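Notes to accompany the following structure.
Computed from a predicted model, the values in this text were never measured in an experiment. The first residue of the sequence shown is numbered 1, and numbering continues consecutively from there.
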Amino acid sequence: MFKTLTRRFNEWSRIRRDIHRLRQLDDNLLADLGIERERIASSVRRGRK
């Protein structure tokens with residue numbers, strides 16, 4: 001149970017970090033990556049561009 005909780009926390013933490021980093025990019029860089037600003041969170045959660 002502790003491993004599951006730790007794994008979930010680590011995944012949650014990674015998602016928050018990645019969303020934060022992508023939100024700091026300008027629109028041109030996001031477009032180069034194929035990500036629309038309003039879809040950053042869903043893209044990170046689903047692991048897609």
Side-chain angles (χ1 to χ4, degrees):
M1 182 176 145
F2 182 72
K3 288 182 181 181
T4 301
L5 184 59
T6 302
R7 187 176 67 240
R8 286 185 182 190
F9 175 78
N10 289 338
E11 180 67 11
W12 174 80
S13 185
R14 182 198 62 80
I15 288 170
R16 285 184 47 110
R17 182 192 67 228
D18 292 349
I19 289 171
H20 177 74
R21 287 179 178 173
L22 286 171
R23 285 184 175 158
Q24 291 178 351
L25 299 178
D26 66 24
D27 290 336
N28 291 326
L29 285 173
L30 287 174
D32 288 346
L33 294 170
I35 302 172
E36 297 173 7
R37 183 163 301 280
E38 58 273 356
R39 297 183 187 257
I40 288 174
S42 64
S43 295
V44 170
R45 286 186 187 104
R46 292 189 179 118
R48 296 189 267 158
K49 288 202 252 181

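- Other residues sharing the hydrophobic cluster of L5, ordered by chain and number and joined by side-chain separations under 4.5 Å: none, the residue standing alone.
- Separating the CD atom in Q24 from the CG atom in L29 is a distance of 12.0 Å, to the nearest 0.5 Å.
- Across all their heavy atoms, L22 and L30 have their closest contact at O-CD2, 3.8 Å.
- Among pairs with a residue in residues 20-29, those fulfilling salt bridge (charged side-chain N to carboxylate O under 4.0 Å, His left out) read D27-R37, at least two apart in sequence or across chains.
- E11 and R8 are not joined by a salt bridge, as no carboxylate oxygen comes within less than 4.0 angstrom of a charged side-chain nitrogen.
- Counting side-chain heavy-atom gaps under 4.5 Å among Ile, Leu, Val, Met, Phe, Trp and Tyr, F2 is found in no cluster with other residues.
- For the pair I35/V44, no side-chain contact is recorded, criterion being any heavy-atom separation below 4.5 Å from C-beta on.
- A 6.0 Å sphere centred on CZ of R16 holds no more than 12 heavy atoms belonging to other residues, nucleotides or ligands.
- For R39, the salt bridge (Lys or Arg N to Asp or Glu O under 4.0 Å) partners two or more places apart in sequence, or in a different chain, are E36.
- Checking R45, E38, R46 one by one against S42, the side chain to side chain contact (heavy atoms under 4.5 Å, CB included) holds for a single residue, R46.
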Worksheet item: Do M1 and T4 pass the side-chain contact (heavy atoms from CB on, under 4.5 Å) test, and can you show the C-alpha distance, the side-chain angles, and the key distance before you say yes or no?
Response: CA-CA 5 Å; M1 182 176 145; T4 301; 5.7 Å; no
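- Within the structure, ring pair (Phe, Tyr, Trp, His ring centres under 6.0 Å) contacts touching residues 10-33 (residues at least two apart or in different chains) are F9-W12.
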